[in-house]
K.L.:
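Have a look at this one.
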Amino acid sequence: MKKLLFAVFLSACSFASALEYKAAKISDGKAEADVCVDASRNGYYRGMRFSPDGIVFSLKVNGHVYFGSRHDIHSPDLHDGVSGPVEEFLVVGYDDAKAGEDFLKIGVGMLERIDAGPYNFRLPHKIKNAGERSVKVLSDRVEYVHKLSDKSGYGYVLKKTLLLDGNGGLKILCTLKNTGTKKIDSNVYNHNFFTVDNAPVDESVVVKFAFEPKAEFDGLGANAKLDGSRIRFLRRLSGEDRASMVGIRGGGVSANDVSVEFGNVGAGVRVRCDKPLLKAVFWSDKKTVCPEPFVKISLAPNGEASWTWTYDFYNLK
């Protein structure tokens with residue numbers, strides 16, 4: 001396959017200036033996606049929460065457009081200033097580090113602990129070792145590699161491939177190898193940030209789980225309700241409206257399966273993972289619906305783990 005030339009996208013930002021972001025257009029003949037291909041920490045996403053690899057600006061399929069920023073004004077340094085499916089790993093070594101010492105954030109690098117308080121992804125942690133990144137663009141996929149080697153004993157190679165599967169679907173294939181001398185105990189989830197046609201989150205939106213979720217915290221409030229295995233919205237969200245559930249539990253690989261349907265535009269998306277569901281979180285605001293499935297990562301030195309997120313996009317009948 002031939003490499004594609006980078007396209008340039010413009011995004012409005014503070015003070016009415018414009019930033020240029022490297023992107024690549026990939027296609028499988030049925031779906032077409034604009035994917036971020038920044039290989040540095042100075043591009044579209046500069047936050048310290050999510051891995052910057054694999055951000056999807058937009059995906060067009062079946063007459064609909066999926067993904068897109070939930071913010072009206074893009075701020076690269078904001079912890080959630082991202083678009084599309086993005087992964088966050090649980091921090092490693094944070095509790096062992098004192099203020100001023102380093103801890104590991106897989107997909108980001110070695111960060112400096114700010115204070116004695118619990119980890120807070122909203123804080124602007126200083127990056128001490130960003131590792132090395134590379135990106136390869138082919139006609140139907142983008143391949144990312146992030147390598148980290150650190151004096152602390154932590155090290156890894158994280159490989160991620162965004163692949164349009166030939167059927168109008170998207171696969172995100174991930175592999176993490178522990179190349180350091182210390183064990184890596186973490187978990188990873190995909191925030192997803194689902195949007196469709198920039199439609200509002202209203203009474204037509206339904207979230208379907210493959211099991212009946214039981215949550216440690218129910219923050220659906222007056223905005224949504226749990227109805228068996230489904231979350232239904234009760235009103236159109238606006239302003240600072242939120243709906244959330246934390247600590248959702250399920251068992252087995254079959255439980256790692258959730259769909260979001262936007263009835264107002266007649267389109268839905270289903271996301272599955274080939275690893276057992278550790279837990280899940282649900283979160284939504286006026287522009288996006290975010291089921292967040294977690295999987296467990298535990299790697300001794302030289303150990304390796306792989307997982308795949310599979311996205312199916314469909315029109316409602």
K.L.:
If you measure from CD on E101 to CE on M110, what distance do you get to the nearest 0.5 Å?
P.N.:
10.5 Å
K.L.:
Do the numbers put K160 on top of the ring of Y144, so that NZ or CZ is under 6.0 Å from the six-membered ring centre and no more than 45° off the axis?
P.N.:
no
K.L.:
With side-chain hydrogen bond (donor to acceptor under 3.5 Å, both in side chains) as the criterion, how do H71 and D80 come out once you've worked through the C-alpha distance, each side chain's angles and the decisive distance to 0.1 Å?
P.N.:
CA-CA 9 Å; H71 296 287; D80 63 350; 3.1 Å; yes
K.L.:
Nearest 0.5 Å, please: how far is OG in S27 from CG in L59?
P.N.:
9.5 Å
K.L.:
Does any part of the side chain of L163, heavy atoms only, come nearer than 4.5 Å to the side chain of D140, both counted from C-beta?
P.N.:
yes
K.L.:
Decide yes or no for F211 and V258: does some side-chain heavy atom of the first lie under 4.5 Å from some side-chain heavy atom of the second?
P.N.:
no
K.L.:
Going through the checks in order, is the side-chain hydrogen bond (donor to acceptor under 3.5 Å, both in side chains) test met by K171 and T308?
P.N.:
CA-CA 7 Å; K171 291 185 182 295; T308 299; over 6 Å; no
K.L.:
Under 3.5 Å, side chain of N62 to main-chain N/O of F313, donor-acceptor pair present?
P.N.:
yes
K.L.:
Ignoring hydrogens, what is the shortest heavy-atom contact between L226 and G228? Give both atom names and the distance.
P.N.:
CD1-O, 3.6 Å
K.L.:
Do V37 and V137 have side chains that get closer than 4.5 Å, going by heavy atoms?
P.N.:
yes
K.L.:
Salt bridge or not for K128 and E112, using N-O below 4.0 Å?
P.N.:
yes
K.L.:
I need the M245 CE to S284 OG distance, nearest 0.5 Å.
P.N.:
13.0 Å
K.L.:
So H146 and Y156, ring pair (Phe, Tyr, Trp, His ring centres under 6.0 Å) or not? Walk me through it.
P.N.:
CA-CA 8 Å; H146 184 208; Y156 66 81; 5.4 Å; yes
K.L.:
Charged N to carboxylate O below 4.0 Å: is that the case for E32 and K25?
P.N.:
yes
K.L.:
Assess whether ring pair (Phe, Tyr, Trp, His ring centres under 6.0 Å) is satisfied between F209 and F282, documenting all intermediate values.
P.N.:
CA-CA 11 Å; F209 292 89; F282 168 77; 7.1 Å; no
K.L.:
Is it the case that atom NZ in K182 sees more than 12 heavy atoms from other parts of the structure closer than 6.0 Å?
P.N.:
yes
K.L.:
N192 and side chain to side chain contact (heavy atoms under 4.5 Å, CB included): which single residue from Y311, F67, W309, W283 fits?
P.N.:
Y311
K.L.:
Should K296 and D185 be marked as a side chain to side chain contact (heavy atoms under 4.5 Å, CB included) after you check the CA-CA gap, both sets of side-chain angles, and the distance that decides it?
P.N.:
CA-CA 8 Å; K296 178 64 178 175; D185 270 318; 4.3 Å; yes
K.L.:
Is a salt bridge present between R272 and D312, judged by a nitrogen-to-oxygen distance below 4.0 Å?
P.N.:
yes
K.L.:
Between E143 and K159, is the closest basic N to carboxylate O distance under 4.0 Å?
P.N.:
no
K.L.:
Answer yes or no: is there a side-chain heavy-atom contact under 4.5 Å between V157 and L176?
P.N.:
no
K.L.:
Are the charged groups of R141 and D28 less than 4.0 angstrom apart, N to O?
P.N.:
no
K.L.:
Sub-3.5 Å donor-acceptor pair from the side chain of R113 to the main-chain atoms of D115, do we have one?
P.N.:
yes
K.L.:
Give a yes or no on whether the backbone of Y154 and the side-chain of D150 come within a donor-acceptor separation of less than 3.5 Å.
P.N.:
no
K.L.:
Do V206 and V260 belong together in a cluster built from hydrophobic side chains that touch within less than 4.5 Å?
P.N.:
no
K.L.:
Mind checking whether V289 and V201 have side chains closer than 4.5 Å, heavy atoms only?
P.N.:
yes
K.L.:
With salt bridge (Lys or Arg N to Asp or Glu O under 4.0 Å) as the test, would you mind laying out the steps for D257 and R270 before giving the verdict?
P.N.:
CA-CA 7 Å; D257 184 341; R270 178 187 182 190; 2.5 Å; yes
K.L.:
Quick one: does H74's side chain have a donor or acceptor within less than 3.5 Å of a partner on D72's backbone?
P.N.:
no
K.L.:
Look at the side chain of S186 and the backbone N and O of F89, then say whether any donor-acceptor pair between them is shorter than 3.5 Å.
P.N.:
no
K.L.:
Roughly how far apart are N264 CG and E203 CD, rounded to 0.5 Å?
P.N.:
9.5 Å
K.L.:
Show me the donor-acceptor pairs within less than 3.5 Å that the side chains of residues 216-223 make with the rest of the protein, sequence neighbours left out.
P.N.:
unit_1: D218; atom_1: OD1; unit_2: L220; atom_2: N; d: 2.9
unit_1: N223; atom_1: OD1; unit_2: R235; atom_2: NH1; d: 2.7
unit_1: N223; atom_1: ND2; unit_2: R242; atom_2: O; d: 2.8

K.L.:
Would you sort out whether E132 and K147 count as a salt bridge (Lys or Arg N to Asp or Glu O under 4.0 Å), showing the intermediate values?
P.N.:
CA-CA 5 Å; E132 299 178 356; K147 297 180 180 180; over 6 Å; no
K.L.:
So how far is it from W307 CH2 to T175 OG1, rounded to the nearest 0.5 Å?
P.N.:
7.0 Å
K.L.:
If we check side chain to side chain contact (heavy atoms under 4.5 Å, CB included) with R133, which of these qualifies: D53, V145, D38?
P.N.:
D53
K.L.:
Mind checking whether K214 and R249 have side chains closer than 4.5 Å, heavy atoms only?
P.N.:
no
K.L.:
So, for Y66 and F194, is the gap between ring centers shorter than 6.0 Å?
P.N.:
no
K.L.:
Just jot down the side chain to side chain donor-acceptor pair (under 3.5 Å) partners of H64, sequence neighbours excluded, or say none.
P.N.:
D197, N315
K.L.:
Would a 4.5 Å heavy-atom cut-off, applied to side chains only, mark I172 and P85 as touching?
P.N.:
yes
K.L.:
Decide whether V281 and Y189 are clustered together by the hydrophobic rule: side chain heavy atoms of Ile, Leu, Val, Met, Phe, Trp, Tyr closer than 4.5 Å, transitively.
P.N.:
yes
K.L.:
Could you identify which residues cluster with F121, counting Ile, Leu, Val, Met, Phe, Trp and Tyr as linked when any side-chain heavy atoms lie under 4.5 Å apart, either directly or through a chain of such contacts?
P.N.:
M48, V91, Y94, F103, V108, L111, Y119, I127
K.L.:
Heavy atoms, side chains only, cut-off 4.5 Å: are V188 and I297 in contact?
P.N.:
yes
K.L.:
Atom OG of S204 and atom CD of E261: how far apart are they, to the nearest 0.5 Å?
P.N.:
10.0 Å
K.L.:
Show the nearest heavy-atom pair for residues N256 and P293, with the distance to one decimal.
P.N.:
OD1-CB, 3.3 Å
K.L.:
Ignoring hydrogens, what is the shortest heavy-atom contact between P76 and G43? Give both atom names and the distance.
P.N.:
CB-O, 3.9 Å
K.L.:
Under 4.0 Å between a Lys/Arg side-chain N and an Asp/Glu carboxylate O for D241 and K286?
P.N.:
no
K.L.:
With a 3.5 Å distance limit and no angle check, can you tell me whether Y44 reaches the backbone of A23 through a side-chain donor-acceptor pair?
P.N.:
no
K.L.:
Go through it in stages, so that I can follow the logic: the residues are S69 and S83, the test is side-chain hydrogen bond (donor to acceptor under 3.5 Å, both in side chains), and I'd like the CA-CA distance, side-chain angles, deciding distance and then a yes or no.
P.N.:
CA-CA 5 Å; S69 176; S83 170; over 6 Å; no
K.L.:
Ion pair present between D227 and K225, side-chain N to carboxylate O less than 4.0 angstrom?
P.N.:
no
